[in-house]
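Values in this document were obtained by computation on a predicted structure and should not be read as measured data. Per chain, numbering begins at 1; letters A, B, ... match sequence-line order.
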2 protein chains.
Amino acid sequence: MNEEKLRFYKSLGLKLTPQRLAILEYLENNRSHPSAEDIYNALKPRFPSMSFATVYNTMEVLVKKGLVKELSVESTRKRFDPFTHPHHHFFCKSCKKVIDVGTIKNNIKIPEELKDCELSEYQIIFFGLCPECKSKSKQ
Amino acid sequence: MNEEKLRFYKSLGLKLTPQRLAILEYLENNRSHPSAEDIYNALKPRFPSMSFATVYNTMEVLVKKGLVKELSVESTRKRFDPFTHPHHHFFCKSCKKVIDVGTIKNNIKIPEELKDCELSEYQIIFFGLCPECKSKSKQ
DNA sequence: TTTTCTATCTTAACGTATTAAATTTATGAG
DNA sequence: CTCATAAATTTAATACGTTAAGATAGAAAA
């Protein structure tokens, strides 16, 4: 990771521990949608003493800083999205894979019902079977 | 609950036990978005022996039959929606309340990325603070 | 009514997320 | 560079939501 990146993370008020740097590195240019366990497993080899608490703590900080988004595609566990540009998602009900979907052309109008709410964002989630699971289910 | 409703539920192949009838009755004309616990608490007074397993089992059946939808607004617990007409949702990050939003005028085009997927539905979820939590946060 | 079959209940286990306390570490001031 | 401090990590325990298995009860069918 280069100097500029390091300065950037520091400028956010983040203490740069080896574990955090490893998590940041893992997330950089990562277009998957890892669960806490995915992150934990990925870093375990390099940091055998690493705990889930560290993963959750770090991810909470990163979400607050806007460096990562939290997905609500599953109702049993958190999924994180390191790609923060506006986009949407598909969720495969069978294999739990998430597929990125570009922004939807027709821009959504803010519904009348929400005129007194403070809106921060919206997500569109498509549900179904990914190509692999689709063909498996037809056998 | 009237005869017609009973016949309808039976026609779906549902065995009509008192607990199920109570859950169905609770859901009828219910425009909230209960969690399993909400349902459990609502029925506990009438059915002190009722267990969570029964709630989950029944809801699973109802979701399969299409009488209830499962929402993915929270990543730590399930929320159910007994109102199955097409519509979308707002989720308050603070009090976890869900607000219904009518269908969005511009119909969403199926994204190119998903052309090989088998799509079953999509959800649009707005996130932010509901009017109450918004005013509280400004004090 | 008797039999069969399914739903329910209880209990326990599971996966995931969160918390508290004690220890260790990064950082900035001196 | 050393030290003091605040912050992060570790460990362990705990909370929460969900699911599974076996025993029981109850509804439907004959």
Side-chain angles (χ1 to χ4, degrees), chain A residues 1 3 5-26 33-44 46-65 67-68 70-80 93 96, chain B residues 1 6-7 9-26 33-65 67-68 70-80 93 96:
Chain A
M1 206 173 311
E3 290 273 330
K5 275 274 150 71
L6 290 176
R7 270 198 299 277
F8 171 66
Y9 291 134
K10 264 199 169 175
S11 76
L12 293 169
L14 295 185
K15 209 164 161 180
L16 293 181
T17 63
Q19 295 88 333
R20 280 202 171 160
L21 285 174
I23 292 180
L24 286 166
E25 211 167 303
Y26 170 77
H33 307 80
S35 65
E37 196 187 2
D38 292 333
I39 300 169
Y40 177 80
N41 287 337
L43 302 190
K44 191 74 184 172
R46 276 174 63 198
F47 297 91
S49 75
M50 174 102 128
S51 71
F52 268 97
T54 296
V55 175
Y56 283 112
N57 287 341
T58 300
M59 295 313 288
E60 192 188 335
V61 171
L62 297 183
V63 168
K64 254 182 209 147
K65 297 290 182 186
L67 298 179
V68 170
E70 207 180 298
L71 298 182
S72 52
V73 290
E74 287 188 81
S75 56
T76 49
R77 61 174 179 172
K78 293 183 172 181
R79 298 283 291 261
F80 299 99
K93 288 176 175 182
K96 318 296 182 199
Chain B
M1 204 171 311
L6 289 177
R7 269 198 300 277
Y9 291 134
K10 265 198 167 173
S11 77
L12 292 169
L14 295 185
K15 208 166 168 180
L16 295 180
T17 64
Q19 294 89 336
R20 280 201 173 166
L21 284 174
I23 292 179
L24 285 166
E25 212 166 303
Y26 171 78
H33 307 80
S35 64
E37 196 187 2
D38 293 331
I39 300 169
Y40 177 80
N41 288 337
L43 302 190
K44 192 76 184 168
R46 278 174 63 199
F47 297 90
S49 75
M50 174 101 129
S51 73
F52 268 97
T54 297
V55 175
Y56 283 111
N57 288 341
T58 301
M59 296 313 288
E60 192 189 335
V61 171
L62 296 183
V63 168
K64 254 182 210 149
K65 295 291 180 183
L67 298 179
V68 170
E70 210 179 297
L71 299 182
S72 15
V73 289
E74 290 189 79
S75 56
T76 49
R77 61 173 179 172
K78 293 183 174 180
R79 298 284 291 260
F80 299 99
K93 288 177 175 181
K96 319 295 183 199

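The 5' end of DNA chain D is approached more closely, in terms of each residue's nearest nucleotide, by A/Pro48 than by the other of B/Leu16 and A/Pro48. Each of B/Gln19 and A/Glu37 was matched to the nucleotide of DNA chain C holding its nearest heavy atom; the match closer to the 5' end belongs to B/Gln19. Comparing A/Gly13 and B/Leu14, the nucleotide of DNA chain D nearest to each residue sits closer to the 5' end for A/Gly13. Along DNA chain C, the nucleotide nearest A/Arg79 and the nucleotide nearest B/Thr17 are compared for position; the residue whose nucleotide lies closer to the 5' end is B/Thr17.
Whole-Å rounding puts the A/Arg77 CZ to D/dT19 C1' distance at 16 Å. Rounded to whole Å, the distance from CG on A/Leu12 to P on D/dA7 is 16 Å. The separation between B/Leu21 atom CG and D/dA27 atom P is 10 Å, rounded to whole Å. In this structure, A/Phe52 places its CZ atom 19 Å from P of D/dT14, rounding to the nearest Å. Taking atom OH of A/Tyr40 as the reference point, atom P of C/dT18 lies 17 Å away to the nearest angstrom. The interatomic distance linking A/Lys10 (NZ) with D/dA7 (C1') rounds to 14 Å, in whole Å. Note: CE (B/Met50) to P (C/dA7) measures 15 Å, nearest angstrom. Atom CD1 of B/Ile23 is separated from atom C1' of C/dT8 by 11 Å (rounded to the nearest Å).
Between B/Arg79 and B/Lys96, the shortest heavy-atom contact is NH1-O, 3.0 Å.
B/Leu67 places none of its side-chain heavy atoms less than 4.5 Å from the side chain of B/Val61. At a threshold of 4.5 Å between non-hydrogen side-chain atoms, the residues A/Phe47 and A/Ile23 do not count as touching.
Contact check, A/Thr54 against D/dA8: no side-chain N or O comes under 4.0 Å of OP1 or OP2. Between A/Lys78 and C/dT18 there is a side-chain polar atom (N or O) within less than 4.0 angstrom of OP1 or OP2.
Across all strands shown, B/Thr76 has heavy atoms under 4.0 Å from sugar-phosphate atoms exclusively, and none from any base. Across all strands shown, A/Ser51 has heavy atoms under 4.0 Å from base atoms, whether or not it also approaches the sugar-phosphate.
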Handout entry: Candidate pair A/Thr54 and A/Asn57, rule side chain to side chain donor-acceptor pair (under 3.5 Å), full reasoning
Key = CA-CA 5 Å; A/Thr54 296; A/Asn57 287 341; 5.5 Å; no
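Ranking C/dC5, C/dT18, D/dT9 by closeness to the A/Arg20 side chain, first place goes to D/dT9.
To the nearest 0.5 Å, the span separating CG on A/Asn41 from NZ on A/Lys44 amounts to 9.0 Å.
Scanning atom types as modelled, one donor and one acceptor separated by under 3.5 angstrom connect the side chain of B/Lys15 and the base of C/dT6.
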